[in-house]
Protein chains: 2
Amino acid sequence: MIRVLLADDENLIRSALRALLSLEDGIEVVAEAATADEALAMARAHTPDVAVLDLQLPDRDGIALAADLRRELPSCRTMIVTSHGRPGYLKRALAGGVGGFLPKTVSASVLAQVVRTVHEGGRYVDPELAAEAISAGDSPLTAREADVLELAAEGAPVEEIARRAALTPGTVRNYLSSAASKLGAANRHEAVHVARRHGWI
Amino acid sequence: MIRVLLADDENLIRSALRALLSLEDGIEVVAEAATADEALAMARAHTPDVAVLDLQLPDRDGIALAADLRRELPSCRTMIVTSHGRPGYLKRALAGGVGGFLPKTVSASVLAQVVRTVHEGGRYVDPELAAEAISAGDSPLTAREADVLELAAEGAPVEEIARRAALTPGTVRNYLSSAASKLGAANRHEAVHVARRHGWI
DNA sequence: GCGTGCCCGTGACATTCGTCATGGCCGGGC
DNA sequence: GCCCGGCCATGACGAATGTCACGGGCACGC
């Protein structure tokens, strides 16, 4: 019996997934959590074999949670399920030792199959997502450029970004400018969109 | 037996919901669809009693779909389930005759209960969402302001917005300016964020 | 009929933004 | 040791943007 931990902040989805997995032979959902902290606590208490994590949790993202789980419970394998299949996340997840990465568009049978694969130490990545990730490649942005672009995401003026990043307004504009040109965007706001789409910020 | 149509573009969620609802007494999922068009076709073929619709479908949103369904199949009641509980959508949905509006954070039992309530002609709105909607109030934007702001959402320059809206650049700037001031934003990009958060665009 | 609000436009102004050139400081690779 | 690339900054210029004042047309309610 594969013992599964489910972490998703959306109650409905979580219990629906539970219902779905419970129909499968050899799979048992032993714990549920709505937040990353809760998931960690549940994992300690129930020592699941596989943790199925939503990418976006209220307190931190599923990838960070997966890293925590690996540290605390090395025997527990992890997989990420998400609505937003951004390539950047996939890369981060794989680098962090996550065993599976699926969009929520896959069918139920695929989910169950991947739980089994991951449990056996295998890896599975949605082919479509993998293709996107390969074609998207690495972020061309430097760490600082990404920082600044992130702060620009809410439409704040340069002045405020500069304060929040502890930089001069001039420097901020330079970074934004170079980021936008690297991303092929006409201005920073378009750049934000491009970077978001690729999962680079 | 309440005959239910399920529309959600995420395969996993859809079949999970199906599994969940199938566990309930007196509820039967008779059709599933991944797009609005597909949902319409399925509704014609299966004449469900209640349609459970995701807010965001690939071709158009769940509220528009609900309106189509009401026109084509007046006997079929509709309810919306969503991850993004923006107040503006709730208002639009209710105005369009939708019987239920739920965030995906509710529990499974609530979902089933709401399906029953809606089937009997009742209405149900998540209390938290309702509170948000009331406090958020109506959009202060005029139709045109909202249009223009929408076009500005992707970071396009004024020039392009003007072309796409068949307006003069000057007029566009006036609209954006007044929209931003109404929303208490320092610039149009911040205004886009505010309007998005409230569900006004 | 008259005010009011939305629609659309013009023109002018100050501010912000995007771009470029330039320079110094660091750390890593050859 | 030297070059390169990332990091941070300055200054300056033109272009885009935000703001304001003002005008006309149109529909609506009173």
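Per chain, numbering begins at 1; letters A, B, ... match sequence-line order. Quick caveat: nothing in here was measured; it's all calculated off a predicted structure.
- Under the side chain to side chain donor-acceptor pair (under 3.5 Å) criterion, A:S107 pairs with A:S109, sequence neighbours left out.
- In this structure a side-chain-to-backbone donor-acceptor pair under 3.5 Å is present from B:R70 to B:G97.
- When each of C:dT10, D:dA9, C:dC7 is scored by its nearest atom to the side-chain atoms of A:L167, the top-ranked nucleotide is D:dA9.
- Residue B:T142 is in sugar-phosphate contact alone, with no base atom involved, counting any heavy-atom pair closer than 4.0 Å across all strands shown.
- Crowding of A:E28 atom CD: a count of heavy atoms from other residues, nucleotides or ligands under 6.0 Å exceeding 12.
- A heavy-atom distance below 4.5 Å is found between the side chains of B:K182 and B:E145.
- Relative to the side chain of B:T168, the nucleotides D:dC7, C:dT10, D:dA9 differ in distance, and C:dT10 lies closest.
- Here A:R14 does not pair with A:D9 in a salt bridge; the nearest charged N to carboxylate O distance is not below 4.0 Å.
- Side chain of B:R44 to backbone of B:E72: no donor-acceptor contact under 3.5 angstrom is found.
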- Spell out protein contact along nucleotides 12-18 of chain D as letters: B when the base is contacted, S when just the sugar-phosphate is, - when no protein heavy atom is under 4.0 Å; keep the 5' to 3' order. B----BB
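- Residues passing the side chain to side chain contact (heavy atoms under 4.5 Å, CB included) test with A:L94, sequence neighbours excluded: A:L90, A:R123, A:V125.
- We find that CD1 of A:I161 is positioned 13 Å from C1' of C:dG18, with the value rounded to whole Å.
- In this structure, NZ of A:K182 is placed 16 Å from C1' of C:dT19, rounded to the nearest angstrom.
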Give each protein N/O atom lying under 3.5 Å from an N/O atom of nucleotides 22-26 of chain C, with the pair distance.
none

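- Residues A:L183 and A:L141 meet the side-chain proximity criterion, which asks for heavy atoms closer than 4.5 Å.
- Against DNA chain D, the stretch residues 144-151 of chain A makes heavy-atom approaches under 4.0 Å through A:R144.
- Taking the screw axis at each terminus of the helix from C:dG1-D:dC30 to C:dC30-D:dG1 from five consecutive base pairs, the angle between the two is 30° to within rounding of 10 degrees.
- Between B:R164 and B:E154 there is a salt bridge, with a side-chain nitrogen of the basic residue lying less than 4.0 Å from a carboxylate oxygen of the acidic one.
- Side chain of B:H193 to main chain of A:A153: a donor-acceptor pair is present (N/O by atom type, distance under 3.5 Å, no hydrogens or angles).
- Here the straight-line distance linking atom CG of B:L102 with atom CG of A:L12 works out to 8.0 Å at 0.5 Å rounding.
- Of the residues near DNA chain C, A:A185 and B:T171, the one whose nearest nucleotide (by heavy atom distance) lies more toward the 5' end is B:T171.
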- Give the C-alpha distance, both sets of side-chain angles, the deciding distance and a yes or no for side-chain contact (heavy atoms from CB on, under 4.5 Å) between A:L149 and A:V192. CA-CA 6 Å; A:L149 199 56; A:V192 166; 3.9 Å; yes
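- As judged by a 4.0 angstrom heavy-atom cut-off over every strand, A:A180 is placed among residues making no nucleic acid contact.
- A distance of 9.5 Å separates NZ in A:K104 from CG in B:D8, rounded to the nearest 0.5 Å.
- As rounded to whole Å, 17 Å separates atom P of D:dT19 from atom OH of B:Y175.
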